[in-house]
Amino acid sequence: MTRKISFKTAINEALDLEMTRDPSVIMLGEDIVGGCGAPGEADAWGGVLGVTKGLYAKHGNRLLDTPLSESAYIGAAIGAAACGMRPVAELMFIDFVGVCFDQIFNQAAKFRYMFGGKARTPVVIRTMVGAGFRAAAQHSQMLTPLFTQLPGLKVICPSNAYDAKGLLIQAIRDDDPVIFCEHKNLYSAECDVPAESYTIPFGEANVVREGKDVTIVSYGLTVHRALDAATTLAQKDRIEADVIDLRTLSPIDWDTVLESVEKTGRLVVVDEANPRCSIATDVAAYVAQHAFGALKAAPQMVTAPHTPVPFSPSLEDLYIPTADAVVAAVGKTIARAKAA
Amino acid sequence: MTRKISFKTAINEALDLEMTRDPSVIMLGEDIVGGCGAPGEADAWGGVLGVTKGLYAKHGNRLLDTPLSESAYIGAAIGAAACGMRPVAELMFIDFVGVCFDQIFNQAAKFRYMFGGKARTPVVIRTMVGAGFRAAAQHSQMLTPLFTQLPGLKVICPSNAYDAKGLLIQAIRDDDPVIFCEHKNLYSAECDVPAESYTIPFGEANVVREGKDVTIVSYGLTVHRALDAATTLAQKDRIEADVIDLRTLSPIDWDTVLESVEKTGRLVVVDEANPRCSIATDVAAYVAQHAFGALKAAPQMVTAPHTPVPFSPSLEDLYIPTADAVVAAVGKTIARAKAA
Amino acid sequence: MSNNPFPLSSEDLMRAYRTMRTIRDFEERLHVEFAKGDIPGFVHLYAGEEACATGIMMHLTDIDRIASTHRGHGHCIAKGVDVHEMMAEIYGKATGSCRGKGGSMHIADLSKGMMGANGILGAGAPLICGAALASRFRGDRGVGITFFGDGAANQGTVLESMNLAAAWNLPVIFVVENNGYAESTSVEYATAVDSYVDRASGFGMPGVTVDGMDFFAVHEAAGEMIARARDGGGPALLECNVARFFGHFEGDAQTYKAKGENDYNRENRDCLKIFRDRVCDAGAATRHDFALIDLEVASLIDAAVISAKNAALPQARELLTDVYVAY
Amino acid sequence: MSNNPFPLSSEDLMRAYRTMRTIRDFEERLHVEFAKGDIPGFVHLYAGEEACATGIMMHLTDIDRIASTHRGHGHCIAKGVDVHEMMAEIYGKATGSCRGKGGSMHIADLSKGMMGANGILGAGAPLICGAALASRFRGDRGVGITFFGDGAANQGTVLESMNLAAAWNLPVIFVVENNGYAESTSVEYATAVDSYVDRASGFGMPGVTVDGMDFFAVHEAAGEMIARARDGGGPALLECNVARFFGHFEGDAQTYKAKGENDYNRENRDCLKIFRDRVCDAGAATRHDFALIDLEVASLIDAAVISAKNAALPQARELLTDVYVAY
Ligand SMILES: Cc1ncc(C[n+]2csc(CCOP(=O)(O)OP(=O)(O)O)c2C)c(N)n1
Ligand SMILES: Cc1ncc(C[n+]2csc(CCOP(=O)(O)OP(=O)(O)O)c2C)c(N)n1
Ligand SMILES: [Mg+2]
Ligand SMILES: [Mg+2]
């Protein structure tokens, strides 16, 4: 059965299904239940934005509210994973990673290698990413490049409710540490989602729009900006864009990207992260190295500026790459090709 | 007066000169004095590899050994910087950043922006980077991309004693937070260094070898691998490489890189970091976007593999990009150009 | 006034009241304005906890530094940050303390010794150790105060900083504002101790718990600690038991609180009422004196809201400035 | 043996001695081999502290888990990790515990409940909380032990974990191996307290300090704590005062130590001597029994070194394997 549900509900459903299916799945996080031990309602919050609401009622103490000690409880999730559980830990905002980064990148990510292949650490770290919430510099970052850089981690960033559900179920069943990035400005976005359980494999990008003139690669929220840009381009300039939603950043589906560029000869990468050492540079550089012959014009990168995220709405609205910026970048790839 | 001194001595000299010149310079770090309060010699260690040895004798309690609490003392250095001091904090190995990352990337890096331009945070974080020391997965990383990604930080990584001294003095005088990366396998490498004080501005790459056929861009230890490769290429194949030592990764000297590629039409980037979202992708992507017309062949990236650093010498020796790998990558740019 | 039994002059008493009243009105007004939908982002209100910020800050001058939290408006006001600029900042306007770039969670004014509200729990503790260290190197006798909640008290950063401050004998006061909740999680759930003061001795510093709704109790305990730290006596831990009158942030339905909890606190634990009653009962001021301040403050807050609303948003070019001093 | 006044059977006494002797010989031999230049990387020796690891580990089985430190050889041996594989790992050989990829600072054997030495100070504490949590969910009555030094005791990670373990009433024992130094920095410099046990009550758990050079003292204190934790009584803190006989790592000139400090410790605080003398004096075993073990262990270590030296290095393709289970 397929219904229209929100991204938030899809996440909740994925967690519910996996907790029901597999008793080794547990959840840890700040206020993911909410109000444990307080005089009021026990299932009060269900996470800071209500994403995990209702799960405590069903799964009881397999959900644990935590003290405000990210190193301790993210590390505990990792330790429990190394001992056979499948914990899903919530790092409320990815921006908080600075207080628990070691457990993620030196412990979880490296156990298997350091221990000569003798460890498995099936932990999922769910975390909110991205700007647009007026949440300012320390609650709005798109830190996907930092995690993608690091061997031993898998990095997922879905753009819609359908993918969110399938990728999260996959993440929970996956035997490696997964950083699961949920864009807070997508939480209320709805789409058709089956009620049943299903998985989406890692490393398979989604071609969300087909076209022959230019390849636009993105992930997360900016996939929608890319699609808006593609619509404008089609309507105004009869330019047909292939729009690729990477969905998973590590592993990444190079084949789909290369195939598209072989067809279109033009590449625009749209990334909400800051520009340096970003997903944008990652994709542009890979394509330049591996599909140079196919490129008819310089690859273009559309990213956030090299600045922290500003608070004021007037500035934040300029921060996330806009559809206009994508259109302009596509224009450059076409103009240059013509000029060449 | 110019003498041959080691990278290590050059760092020590820079610190000594700046502490002498400016009373607001203080130093904090684990065992940077060594043995404070112990019955033995007070200036026992001078840092884990002796880099700061002797400075306590000269500058006394302006050097502080710290408890093993990186968040607390790196944060204290940042706080003191925001209050008008110029602290130089030592993070023994860059790999330890996981226990104090927040203070660096959410505090130091963002103060100025978040506070509307009303803060200055002139802190330097000196730290050891890189593999080759048989120090295994948690003491050998080249995490330069993580810091370069983040707006608000400056990232420096010198390849020789001369640059180390001039760049460190510049870093201490600089008004922004600087991550100063010292490759542990360069510490004993010597070159000519003036005894006097001098600075090297940030954002100026160094063309360490001139050639017309291919541009090789690198930084830190791998500059030497690039130079070795260039020598081989010249001797064996009469290929003359321009070798660019970036020296500072953020800011980065795009002009010098672009100028060279305009001349040579071929680019190889050599980076000891892991491949994804690396300095290699950063440079390759930037060049592809901004000098596409000049490129005669696909830009090539030579990096560490997407793995943690292995312990065993037999594996670690394969980990850091070798001169042979650089030669092979150059070969590809030439072969492809010929084939095209 | 001859019949003043308090350890503060009558001017200081009225100054303290004015500060508390300013915080209260600022927050109550934000609550109203937020509900209208005009205020962007997350807003955490300090209403209820005014005596804590004020009782401590009465001992400080601009040379002393504080590091605040996500719930920072009260600390800012008590430390002397301009109320108009604060309000404008919360509205995201170019006239704000941070020119609109920081917002509620990042208000700072280094010239007043206010090192910033902070969106990261516990992050202020190391920073204030650095401020105290700077004071020591400069010999300016400045002290540093770091505030954190009962939740943030469990951040490693805070705990490390206590050890650092004790090991280095830094002039730092660690202030736990224990309002019983971290978001929706109770302090009883998050720790296995009755009081955070139990931790002080484990780091080698004295600790005291006070009723944080009682200005005089806070003022006295803080005064002793601050004087001691200023004279080289080292750090201390002050736990203030307080109540927050609103939710964790604006929009919080507060279902985790007991029924009637807020009403009870407003009725019986309002630091402003308690202060006013005690001062009036002692005859050190009249209800009229207080009423005058109430009026003044009301119009200050009114003016701040009006000017914040009318102020311009930052211009597009501001997006790219202030990342570095030079780059 | 009828005249055994100890709370261990005579087999267990000899097992404890064998463990301590194995650790000692392993470390003394590494010291010698390192000086020859054959051993790559950093090596931190545990010699001197054997009674601590052994006294604790005697209470554990494979279901119980430990998280170790950079100075991990002793913990590994006491937890039952294969000595041959350990030695090969330290030489970077393909036959090592981690197939040569980890080295001294990353020896692990999850099948023995040994969750890894660790190159990051304090990092084991959260991990062991997770192990204990897993035990609770599985109902297997397993306990977790996390070791850290007097230096690492000041890492926020460790302090946070104490609160977490207490709040969740986890079966975790926090063991501070206080050898007086963190690298070259003394514990007196790095803290303002006499004992780390002063911190236990601040997190809501009991704490005990023992002479960590006395196997029986460690064994008794640990036994009580572990039994209590196993029965759901929650976490505890055990401080073992020990001495390291060598430098921080091999190559350390130890100039920060007092003159004669190492000699004094070897003479008067050698846990092996103390143990042997007490057991012999009580008549629970003879010097001959001990000498036999000494011989056995010596040949075990010899064999381990020889086979490690002769073993093959990992092959090139190993560089790229074991990053993920599947990618
Ligand atoms: C490192 C970090 N973790 C989590 C959060 C999210 N967060 C913001 S406020 C808060 C609760 C803080 O509780 P407490 O410290 O008691 O302060 P109070 O809100 O009660 O004043 C949480 C969990 C954060 N900002 N930073
Ligand atoms: C987070 C972190 N900081 C610093 C280091 C470097 N380091 C390794 S061992 C050590 C000293 C540890 O002292 P202690 O905890 O007392 O253990 P001991 O060596 O005495 O057994 C230091 C500073 C590290 N490995 N990790
Ligand atoms: Mg609270
Ligand atoms: Mg020690």
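Letters A, B, ... mirror the listed sequences (proteins, then strands); counts begin at 1. These numbers were taken from a predicted model, which means no experiment stands behind them. In what follows, every heavy atom counts, from backbone to side chain, and hydrogens, waters and symmetry copies are set aside.
- For C:Y327, the OH atom is densely surrounded, since the number of other residues' heavy atoms within 6.0 Å is greater than 12.
- Using a 30° and 60° split on the angle between ring planes, C:F249 and A:W45 fall in the parallel class, below 30°.
- The choice from C:A182, C:C98, C:P314 that makes the most heavy-atom pairs within less than 4.5 Å of chain A is C:P314.
- Around the NZ atom of A:K58, the shell of radius 6.0 Å holds no more than 12 heavy atoms that belong to other residues, nucleotides or ligands.
- Ring-plane geometry between C:F42 and A:F93 is classed as perpendicular, the angle between the planes exceeding 60 degrees on a 0 to 90 degree scale with a lower cut at 30.
- With respect to chain C, the highest number of heavy-atom pairs below 4.5 Å among A:L318, A:T307, A:D65 belongs to A:D65.
- Heavy-atom pairs under 4.5 Å with chain A peak, among C:H106, C:K93, C:K257, at C:H106.
- Within the model, atoms CZ of A:F311 and CE of C:M105 stand 8.5 Å from one another, a figure rounded to the nearest 0.5 Å.
- The environment of CG in C:D38 is crowded: more than 12 heavy-atom neighbours from other residues, nucleotides or ligands sit within 6.0 Å.
- In this structure, A:S314 OG and C:Q315 CD are separated by 9.0 Å, a value rounded to the nearest 0.5 Å.
- With a 4.5 angstrom heavy-atom cutoff, A:V33 does not touch chain C via any of its atoms.
- For C:K259, the NZ atom sits in a loose shell: 12 or fewer heavy atoms of surrounding residues, nucleotides or ligands are nearer than 6.0 Å.
- Of the atoms belonging to C:D252, it is side-chain heavy atoms, and not backbone ones, that fall under 4.5 Å from chain A.
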Item to complete: Test side chain to side chain contact (heavy atoms under 4.5 Å, CB included) on C:E183 and A:M92 and set out the steps.
Response: CA-CA 12 Å; C:E183 296 192 342; A:M92 195 183 289; 3.3 Å; yes
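- For C:A152, the part lying under 4.5 angstrom from a heavy atom of chain A is the backbone only.
- The choice from C:G119, C:A190, C:A94 that makes the most heavy-atom pairs within less than 4.5 Å of chain A is C:G119.
- No part of C:E188 comes within reach of chain A, as not one of its non-hydrogen atoms sits under 4.5 angstrom from that chain.
- Side chains of A:S69 and C:N154: a donor-acceptor N/O pair is absent below 3.5 angstrom, by distance only.
- Closest approach of A:Y319 to C:L319, counting heavy atoms only: CD1-CD1, 4.2 Å.
- Interface residue C:I90: only backbone heavy atoms are found under 4.5 Å from chain A.
- For chain A, the option among C:D322, C:T321, C:V187, C:N118 with the highest count of heavy-atom pairs below 4.5 Å is C:N118.
- Here A:D43 contributes atom CG and C:Y256 contributes atom OH; the two are 14.5 Å apart, rounded to the nearest 0.5 Å.
- Looking only at heavy-atom pairs under 4.5 Å with chain A, the residue among C:S184, C:P40, C:A258 that has the most is C:S184.
- With chain C as the partner, the residue from A:Q138, A:H306, A:E316 showing the most heavy-atom pairs under 4.5 Å is A:Q138.
- The greatest number of non-hydrogen atom pairs below 4.5 Å with chain A, out of C:T191, C:L320, C:T185, C:T157, is found for C:T185.
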